[in-house]
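For ligands, and for the atoms within them, numbers begin at 1 and follow the listed sequence.
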Amino acid sequence: MFEKIALVGIGLIGSSLARVIRREHLARHIAIATRSPSTLKRAEELGLGDSYSTDLREAVRDADLVIVSVPVGSSAEVAEEIAPALKNGAILTDVGSTKASVIAQMQPFVPKGVHFIPGHPLAGTEKSGPDAGFAELFENRWCIFTPLPGTDPAALEKLSEFWRRCGSNIDTMDAEHHDMVLAIVSHLPHIIAYNIVGTADDLESVAKGEVIKYAASGFRDFTRLAASDPTMWRDVCLHNKDAILEMLARFSEDLASLQRAIRWGDGEKLFDLFTRTRGIRRSIIEAGQETAAPDFGRHGVEQGKGIGE
Ligand SMILES: NC(=O)C1=CN([C@@H]2O[C@H](COP(=O)(O)OP(=O)(O)OC[C@H]3O[C@@H](n4cnc5c(N)ncnc54)[C@H](O)[C@@H]3O)[C@@H](O)[C@H]2O)C=CC1
Ligand SMILES: O=C(O)C(=O)Cc1ccc(O)cc1
């Protein structure tokens, strides 16, 4: 599909892309660039690309497609660095979990003649780094684009086809809407997980050993999310602040109402809520059956625990 693809950032997402690009023969040359020499060395040991550099400009030079897969807080720094070396007519995209902030950070540096199309694959795990990636990560997952006004339809179609060849389904929406939707379906669950595991860790009346020993499956599910990369999630919180705060405010109100129902013994209210939420779970399972979720077992990712399940 492309002569040269440059991957800037080679962690979970970048290395999964490298693997699927190779498997599906989507580029003649895969150039890998990242800031950290030790991560780059590991990518080279894994044989993820055809060329390796800590010089981001060298990697993106002559690339037809550049995919930035770094924590969202580093987007401006990366865009500023690579901008002078981007080829005229190249497609520049990203995979960041927040979109309005990434656009605000990158767009000012994008040269005229480069097609900047922000993207977000809704596929991931709690793991990070080049060893964590796998070629099947994007299969039967959504990839959301948040194109800017005036985006070239041919470039958008080419990038869509690329993601389809990686196994994904495509949706487009505006960046603000994306950030609001992701705040509730992805960002809040992670924040709640970090919080509940932190609360358990702070308890004086329950020993840490007991938390580990008796962790029921509900708590274990939270610990998986709460093991997600601290840099990535710090950046998501700081860069989708408004939408997350809005969702947290609603969440807190609903939690206070649940607290009241428990305090006053309002069993009917509890039962009604728990019945309604069970319906949501059933709808998700039904939707998932239509798109047959892949078995990630052999990659060490618990089946049914990734986003979109
Ligand atoms: N982990 C997940 O489940 C998902 C993550 N994302 C998004 O994908 C992006 C990457 O996440 P992961 O691959 O999980 O992270 P990761 O921590 O596994 O990898 C990040 C990579 O970026 C590099 N890097 C960091 N700062 C850099 C800089 N200033 N210049 C060049 N390279 C730099 C690191 O060396 C590393 O190679 C993030 O924006 C995240 O929000 C999107 C979907 C799922
Ligand atoms: O591991 C999980 O359950 C996830 O939720 C993965 C994930 C994390 C961040 C994203 O922007 C998209 C997917």
Looking at [X], I'd like to know if its [atom1] atom is crowded, meaning that more than 12 non-hydrogen atoms belonging to other residues, nucleotides or ligands lie closer than 6.0 Å.
X      : atom1 : value
Arg23  : CZ    : yes
Arg164 : CZ    : yes
Glu268 : CD    : no

(request) For ligand 1, list the protein residues that place a heavy atom within a distance below 4.0 Å of one of its atoms, sorted by chain and number. (result) Gly9, Ile10, Gly11, Leu12, Ile13, Thr34, Arg35, Thr39, Ser69, Val70, Pro71, Val72, Ser74, Glu77, Val78, Val95, Gly96, Ser97, His120, Pro121, Ala123, Gly124, Thr125, Ser128, Gly129, Met232
(message) Less than 4.0 Å is my threshold; does some heavy atom of Trp233 fall inside it relative to ligand 2?
(response) yes
(request) Would you check whether Leu225 reaches within less than 4.0 Å of ligand 2, judged by its heavy atoms? (result) yes
(request) Measure from NZ or CZ of Lys158 to the centre of the six-membered ring of Phe2, then state whether that distance is under 6.0 Å and the direction lies within 45° of the axis. (result) yes
Enumerated ligand 2 atoms positioned under 4.0 Å from heavy atoms of [X]:
X      : value
Ser97  : 9 (C), 10 (C), 11 (O)
Thr125 : 1 (O), 6 (C)
His190 : 4 (C), 5 (O)
Glu126 : 1 (O)

Euclidean distance, [Y] [atom2] relative to [X] [atom1], rounded to 0.5 Å:
X      : Y      : atom1 : atom2 : answer
Arg35  : Thr54  : CZ    : OG1   : 11.5 Å
Phe145 : Ile117 : CZ    : CD1   : 7.0 Å
Phe138 : Arg165 : CZ    : CZ    : 15.5 Å

(request) Could you tell me whether Met232 approaches ligand 2 through its side chain, its backbone, both or neither, with non-hydrogen atoms closer than 4.0 Å? (result) side chain
(request) Of the side chain and backbone of Arg224, name the one, both, or neither that has a heavy atom under 4.0 Å from an atom of ligand 2. (result) side chain
(request) May I ask you to check if ligand 2 and His120 share an N or O to N or O distance below 3.5 Å? (result) yes
(message) Check this for me - ligand 2, Ser186, N or O atoms closer than 3.5 angstrom, yes or no?
(response) no
(request) Would you indicate which of Gly96, Gly124, Ala193 comes nearest to atom 6 (C) of ligand 2 when only heavy atoms are counted? (result) Gly124
(message) Do Phe251 and Ile192 have side chains that approach each other closer than 4.5 Å (heavy atoms only, starting at C-beta)?
(response) yes
(message) Side chains of Glu126 and Thr223, heavy atoms from C-beta outward: is any pair under 4.5 Å?
(response) no
(request) May I have the step-by-step check of side chain to side chain contact (heavy atoms under 4.5 Å, CB included) for Trp233 and His187, ending in yes or no? (result) CA-CA 8 Å; Trp233 283 98; His187 306 167; 3.8 Å; yes
(message) Going by ring pair (Phe, Tyr, Trp, His ring centres under 6.0 Å), name the pairs with one or both residues in residues 84-127, residues two or more places apart or in two chains.
(response) His120-His178
